Protein chains: 2
Amino acid sequence: MNSFTEENYLKAIYKIAEMGDGAITTNDIARKLSTTAASVTDMLKKLSKKKFIKYKRYNGLSMTESGKRIALAVIRKHRLWEMFLVKALKFKWDEVHDIAEQMEHVQSEKLVQHIDKALNYPKFDPHGDPIPDTNGKMVLSKERSVLLADVKEGRQYMVTGVVDHSRSFLQLLDKSGIILGSKVRVKAVQPYDRSLSLLLNGKKNLFISNQIAKNILVSNNPKT
Amino acid sequence: MNSFTEENYLKAIYKIAEMGDGAITTNDIARKLSTTAASVTDMLKKLSKKKFIKYKRYNGLSMTESGKRIALAVIRKHRLWEMFLVKALKFKWDEVHDIAEQMEHVQSEKLVQHIDKALNYPKFDPHGDPIPDTNGKMVLSKERSVLLADVKEGRQYMVTGVVDHSRSFLQLLDKSGIILGSKVRVKAVQPYDRSLSLLLNGKKNLFISNQIAKNILVSNNPKT
DNA sequence: AAAATATTTTAGACTCGTTTAAATTTTTTA
DNA sequence: TAAAAAATTTAAACGAGTCTAAAATATTTT
C-alpha cells in the first residue's frame, strides 16, 4: 500500500504532466505541493525505486504506466467524492475540495464503485473536471472546452468548467449567477482590457473582466 | 490537529475504560491496538503532554475531559459512517467496519453534520452500538441490553446489538436470519451446554450455541 | 568559453511512530 | 517478606517524510 504522501506526489506529478507540455521539474512539484525541492528529490528516488516514475538525476522524470494508474485512481476518487458531496449531501461546489482531498485516500474499491453507481456513473465533477473511469479513461478537457476569454463575439456557449478552483472564485461565480450549464452569449469584448459583456441564460446582462473570463471554460462549439 | 494514531489511541483507551471497570493498563492498550507495550508508553507520554490523559508512570492512567471529547468525536464519526454506508450506499453490516475505520479520521465538522442529518439523526449504528451526539451523549448499552445467553426461558426479546463485530459472526447471523430488530422467544435452554432453542419472529425454529448467544444483545425487558 | 545564475541534489538533522532488548518497578506467591 | 514473575518503562535504533544549508550540476548570459 502507498502512503497518502506518495499518492499526493503521484497526483501532483500527473497533473503537471497533463497541463504543461514540456518536462516535469523538481521545482514544479515542490511548488504544487508547497514543499521544498530537497523533499521532492527524496520522494522522487522513492517513487523511482517503486517504479512509479522513471527518474534520472538532474534530468527530469516521466511517469510509468503503474504510476499513472495510481494517480488516476486517486483523481477518480477525488472527483467522485466531490460529486457525491454535492449531489448526495447538498454541499456547495466551493465547499467540497478540502474534504475530497481527505476522502481520496480511503482504500476501498467497493466503496468507489458504490458511489459511482449511486451517482449513475457521472462523467464530470461539480467543477466540470472529467472523472476517470475504472480503467483511467476520461474525456480530455482540451478537446471539450475553451476559455471564455478566447471565444468569438456574438455567439452563445455553455459553461462547462472552471480553471480556478478556489473558494473565492467559485463564490464569485455563484453571486453572478454563473453555474455549470449556464448559457452565455458574448455580446461584446472591450478592446482596451478585453473585458466581456455577456447575456446570461438569455436574460441577464453581465460584465466580467478578462481575468475572470480566463478562468471559465465553455463548450468548444457554439450552441452546444 | 491530532494524528490518526493519536485518535486511534484515544478511541482505544476510551473503549477499554468503558468496558472494563478497573484500571486501564499499558498492556490492554497494546493488545487492543496490536502494538507493543513500549510503543504505548511512548504515546501515553505524548497524550499526557497534550493533556488528553492523566498519566503517572507505573501507575495507570485516566482520560481527561478533552481526551474523552476527542475519543467520542471519533466514535461518533465511525458509527455515523457505518450507518451511512449501510443506509445510503447499500453496504451490508459486515462490510462497513474497515471502511469506517478510515473515514472516522476525516476532518470536517460540517460533513459529520450533513451525514447525521441525511440519516435523520440516528441513535444507533448498524450493529446496535449507540451513536454519540455532538456533545458526546449517547444511550448507555448496559442500561439497554443484556446478553441473549443470560435471558429467561419462555419470554420474547428483541435483538438490539452484537458483541462480536467480526465479519464471520455477522455473516453467520445473516444466514440464520437474525438481524437487528428480530424477535426471539427463548423456548428452551439445554442444561448441559446452555445452548438455546429459539423461535425467531414467531415463525422459524432455531438452535444456537451458548457461544453465539453470548455475542447477541437483546432488549433489557421482554416484549420491547 | 567563462562567468553568473538557477536548479537540483546531497548531507545532516529533526519529528513521529514504531521495534527489540535491557532495566526498572510492581505484583504475586511461596 | 523475600524471591520470582509479570508488567512497565527506558534506551537505542529504524523508516518515513520533512527541513535548512551546502555542494553539485545545468543553463543562461556576456
Side-chain angles (χ1 to χ4, degrees), chain A residues 1-14 16-17 19-63 67 70-71 74 101-102 104-105 107, chain B residues 1-14 16-17 19-63 67 70-71 74 101-102 104-105 107:
Chain A
M1 208 74 316
N2 310 301
S3 69
F4 284 24
T5 310
E6 288 170 307
E7 290 192 347
N8 284 335
Y9 268 90
L10 289 172
K11 186 176 64 154
I13 293 168
Y14 184 91
I16 292 167
M19 296 262 276
D21 31 1
I24 305 158
T25 72
T26 304
N27 266 348
D28 286 345
I29 301 169
R31 203 173 312 115
K32 181 127 198 161
L33 292 175
S34 305
T35 184
T36 60
S39 303
V40 173
T41 299
D42 281 353
M43 181 55 86
L44 293 183
K45 284 180 194 163
K46 193 178 167 193
L47 294 175
S48 181
K49 193 149 61 179
K50 287 194 170 189
K51 309 258 191 219
F52 294 143
I53 61 171
K54 277 218 169 87
Y55 167 67
K56 259 169 55 188
R57 49 206 252 302
Y58 292 111
N59 207 18
L61 64 112
S62 62
M63 299 190 89
I70 291 170
V74 175
E101 205 68 18
Q102 302 179 64
E104 73 190 8
H105 302 295
Q107 303 286 350
Chain B
M1 207 74 316
N2 311 300
S3 68
F4 284 25
T5 311
E6 289 171 303
E7 290 192 346
N8 284 334
Y9 268 90
L10 288 172
K11 185 175 64 152
I13 294 168
Y14 184 91
I16 292 167
M19 297 262 277
D21 31 2
I24 305 157
T25 73
T26 303
N27 266 346
D28 286 345
I29 301 168
R31 202 173 313 116
K32 182 126 198 163
L33 293 174
S34 305
T35 183
T36 62
S39 303
V40 174
T41 298
D42 280 355
M43 182 54 87
L44 293 183
K45 285 181 195 164
K46 194 178 168 194
L47 295 175
S48 180
K49 192 150 61 179
K50 286 194 170 188
K51 308 261 190 215
F52 293 144
I53 60 171
K54 279 221 168 85
Y55 169 65
K56 260 172 51 191
R57 50 206 251 300
Y58 292 111
N59 207 18
L61 64 112
S62 61
M63 298 192 89
I70 292 169
V74 175
E101 205 68 18
Q102 302 178 64
E104 73 189 9
H105 301 295
Q107 302 286 350

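Naming convention: chains lettered A, B, ... in sequence-line order (proteins, then strands); numbering from 1 in each chain. Small disclaimer: the values here were computed from a predicted structure and weren't measured. Atoms considered below: every heavy atom in the structure, side chains included; atoms not considered: hydrogens, waters and symmetry mates.
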Stem ranges of DNA chain C by first residue number, counting only runs of at least 3 Watson-Crick or G-U pairs under 3.5 Å, come to C:1-30 with D:1-30
Between N or O atoms, less than 3.5 Å apart, protein on one side and nucleotides 24-28 of chain C on the other: list the pairs.
unit_1: C:dT24; atom_1: O2; unit_2: B:Y58; atom_2: OH; d: 3.0

Starting from [atom2] on [N], measure out to [atom1] on [X] and report it in whole angstrom.
X: A:L44; N: C:dT10; atom1: CG; atom2: P; answer: 11 Å
X: B:I29; N: C:dT18; atom1: CD1; atom2: C1'; answer: 16 Å
X: B:K56; N: D:dT8; atom1: NZ; atom2: P; answer: 16 Å
X: A:L61; N: C:dT7; atom1: CG; atom2: P; answer: 16 Å
X: A:N59; N: D:dT25; atom1: CG; atom2: C1'; answer: 11 Å
X: A:D42; N: C:dT7; atom1: CG; atom2: P; answer: 19 Å

Base, sugar-phosphate, or nothing: which does B:F4 touch, judged by heavy atoms less than 4.0 Å apart?
nothing
Considering only heavy atoms, which members of residues 30-41 of chain A lie under 4.0 Å from some atom of DNA chain D?
A:T35, A:T36, A:A38, A:S39
Drop me the distance from A:T26's OG1 to A:Y55's OH, to the nearest 0.5 angstrom.
5.5 Å
Going from CG on B:L47 to OH on B:Y9, what distance comes out if it is rounded to the nearest 0.5 angstrom?
8.5 Å
Looking at [X] and [Y], what are the two nearest heavy atoms and their distance?
X: B:I13; Y: B:I53; value: CD1-CG2, 4.5 Å
X: A:K11; Y: A:V74; value: CD-CG1, 3.8 Å
X: A:L33; Y: A:N8; value: CD2-O, 4.0 Å
X: B:A71; Y: B:L10; value: CB-O, 3.6 Å
X: A:Y14; Y: A:M63; value: CA-SD, 3.6 Å

Any [X] side-chain N or O less than 4.0 Å from OP1/OP2 of [N]:
X: B:K45; N: D:dT9; value: no
X: A:Y9; N: D:dA16; value: no
X: B:T5; N: C:dC16; value: no
X: A:N27; N: C:dA6; value: no

Residue pair [X] / [Y], side-chain heavy-atom distance below 4.5 Å:
X: A:M19; Y: A:K32; value: no
X: A:E101; Y: A:E104; value: yes
X: B:M43; Y: B:I29; value: no

Name the orientation class of the two ring planes belonging to A:F4 and B:F4 (parallel below 30°, tilted from 30 to 60°, perpendicular beyond 60°).
perpendicular
